[in-house]
2 protein chains.
Amino acid sequence: MLSGPQYKRIAADLRAQIQDGEFGPGDLLPGELPLSKRYGVSRHTAQCALDVLEAAGLVVRVHGRGRMVKPKTSPDDPVASVDVR
Amino acid sequence: MLSGPQYKRIAADLRAQIQDGEFGPGDLLPGELPLSKRYGVSRHTAQCALDVLEAAGLVVRVHGRGRMVKPKTSPDDPVASVDVR
DNA sequence: TCGTATTTGTTCGTATGTATC
DNA sequence: CGATACATACGAACAAATACG
């Protein structure tokens, strides 16, 4: 209800951790499987959460490697203002 | 294999139709179910195809209604240059 | 207002392919 | 080669929004 979709909640959670500095630029984020277990959701849902961060321009995917915090290239990124609602 | 992912092929197909004028701005696109039947894929795959167009800024979603061709608001959209490969 | 049909939203599960380490 | 991780694709189910009669 108040919590909304799980995947957006997880995405917001991860985003907070990134912006908190728990994950720096270039750091590898936890993968789909680890996230699915940590939050008690399916792998699909964990994937959706990571997709939100990717769409927000916060992370980048690397096939066979994982997802990493996008190294800031342009200082004009409206990244922090993206609504994860 | 040689043809690549189905969802990207379908997305490219739809994009061509849009840019061909078969669907004008504001027009409602075929939904996930119609597309899944037309192309013989699952609803999930059809959804992925439509997601590509949405990510490309070509269409917008409306819950309970469907997806429509985005009415062009800004003429600076690098839309046509998006690679659907 | 209510009920129904349609469509998208969210979530689960599974399988297989491909890329990296 | 084997383990890990993302890529693609199938299926199913119920929720929520919208439109219409």
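Within every chain, numbering begins at 1; the chains are lettered A, B, ... in the order of the sequence lines, protein sequences first and strands thereafter. Note that the structure is predicted; figures quoted are calculated from it, not measured. Hydrogens, waters and symmetry mates play no part in the numbers below; they use all other heavy atoms, side chains included.
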Quick one: does [X]'s side chain get under 4.5 Å of [Y]'s, heavy atoms only?
| X | Y | value |
| --- | --- | --- |
| K70(A) | V59(A) | no |
| I10(A) | V52(A) | no |
| V41(B) | Q6(B) | yes |
| C48(A) | H44(A) | yes |
| L53(A) | V69(A) | no |

When you compare the protein's N or O atoms with those of nucleotides 3-5 of chain C, which come within less than 3.5 Å of each other, and at what distance?
none

Suppose the criterion is salt bridge (charged side-chain N to carboxylate O under 4.0 Å, His left out): which pairs have a residue in residues 39-59 of chain A, not counting sequence neighbours? E32(A)-R43(A), D51(A)-R67(A), E54(A)-R61(A)
Between which nucleotides of DNA chain D, 5' to 3', does chain B make heavy-atom contacts below 4.0 Å? dT8(D) to dA19(D)
Counting only Watson-Crick pairs (N1-N3 plus N6-O4 or O6-N4) and G-U wobbles (N1-O2, O6-N3), all under 3.5 Å, who is the partner of dT1(C)? none
Generate the contact string for nucleotides 7-13 of chain C. Rules: B means base contact, S means sugar-phosphate contact only, - means no protein heavy atom under 4.0 Å. BBBBBSS
Determine all donor-acceptor pairs shorter than 3.5 Å in which one atom belongs to a side chain in residues 22-31 of chain A; sequence neighbours excluded.
from   : atom 1 : to     : atom 2 : distance (Å)
E22(A) : OE1    : Q17(A) : NE2    : 3.3
D27(A) : OD2    : G24(A) : N      : 2.8

How is the hydrophobic cluster of L33(B) composed, in terms of its other members, when Ile, Leu, Val, Met, Phe, Trp and Tyr link through side-chain heavy atoms under 4.5 Å apart, directly or indirectly? none
Sequence-distant partners of D13(B), side chain to side chain donor-acceptor pair (under 3.5 Å), two or more places apart: Y39(B)
Which residues pass the side chain to side chain donor-acceptor pair (under 3.5 Å) test with S36(A), not counting sequence neighbours? none
